[in-house]
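Worksheet for the structure shown next.
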Amino acid sequence: MSALDELIQMLRLVEEHLEKAGVHLVTSRTALAEAEQALVKLDPDHPETVVPPGLHRADDQIERTQGMIEHILDTVRDFVTRL
């Protein structure tokens, strides 16, 4: 196996790991949304008292990370294509 083949193989492995991370992030966002819904049911008239503000920040950070992963995946795929 040539060095180029090894590099491509490693980049494909990186792609797989990034895709798995993306799936975990989707699962995490879903879990956060479900947690928020459950918390809101505790006090529907005053959800701000039961939903921690950090929950929304966590969702924003997950969304931002998903975007970064997509960008990196596109870059890796483009690089492999050019090889």
Side-chain angles (χ1 to χ4, degrees):
M1 179 181 289
S2 72
L4 181 59
D5 291 334
E6 286 182 39
L7 176 60
I8 290 171
Q9 186 179 9
M10 287 297 110
L11 289 170
R12 296 285 184 213
L13 184 61
V14 168
E15 279 184 68
E16 287 179 34
H17 288 295
L18 287 168
E19 288 168 352
K20 286 179 185 178
V23 169
H24 290 300
L25 288 169
V26 169
T27 302
S28 298
R29 282 191 87 189
T30 301
L32 280 175
E34 291 170 356
E36 180 178 14
Q37 291 171 358
L39 289 169
V40 166
K41 287 180 184 178
L42 294 174
D43 191 356
D45 295 329
H46 304 288
E48 66 280 355
T49 62
V50 291
V51 177
L55 191 101
H56 296 288
R57 285 193 303 274
D59 184 65
D60 291 343
Q61 290 174 346
I62 290 172
E63 183 179 20
R64 191 179 82 244
T65 303
Q66 285 174 310
M68 286 190 280
I69 285 177
E70 285 301 317
H71 176 71
I72 294 167
L73 269 171
D74 290 343
T75 303
V76 169
R77 289 175 180 145
D78 183 54
F79 184 67
V80 168
T81 317
R82 291 176 186 210
L83 291 174

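These numbers come from a predicted model, not from an experiment. Start at 1 with the first residue, then count along the sequence.
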Look up atom [atom1] in [X] and atom [atom2] in [Y], then write down how far apart they are to the nearest 0.5 Å.
{"X": "Glu70", "Y": "Glu19", "atom1": "CD", "atom2": "CD", "value": "8.5 Å"}
{"X": "Gln9", "Y": "Met1", "atom1": "CD", "atom2": "CE", "value": "4.5 Å"}
{"X": "Asp78", "Y": "Arg82", "atom1": "CG", "atom2": "CZ", "value": "4.0 Å"}
{"X": "His71", "Y": "Met68", "atom1": "NE2", "atom2": "CE", "value": "10.5 Å"}
{"X": "Thr75", "Y": "Arg77", "atom1": "OG1", "atom2": "CZ", "value": "10.5 Å"}

Residues which pass side chain to side chain donor-acceptor pair (under 3.5 Å) with Gln61, listed by chain and number, not counting sequence neighbours: none

Suppose clustering is done on Ile, Leu, Val, Met, Phe, Trp and Tyr with side-chain heavy atoms closer than 4.5 Å. Which residues sit in the same group as Val26? none

Shared-cluster residues of Ile72, by chain and number - hydrophobic side chains joined below 4.5 Å: Leu4, Leu7, Ile8, Leu11, Val14, Leu18, Leu25, Leu32, Leu39, Val40, Leu42, Val50, Val51, Leu55, Ile62, Ile69, Leu73, Val76, Phe79, Val80, Leu83

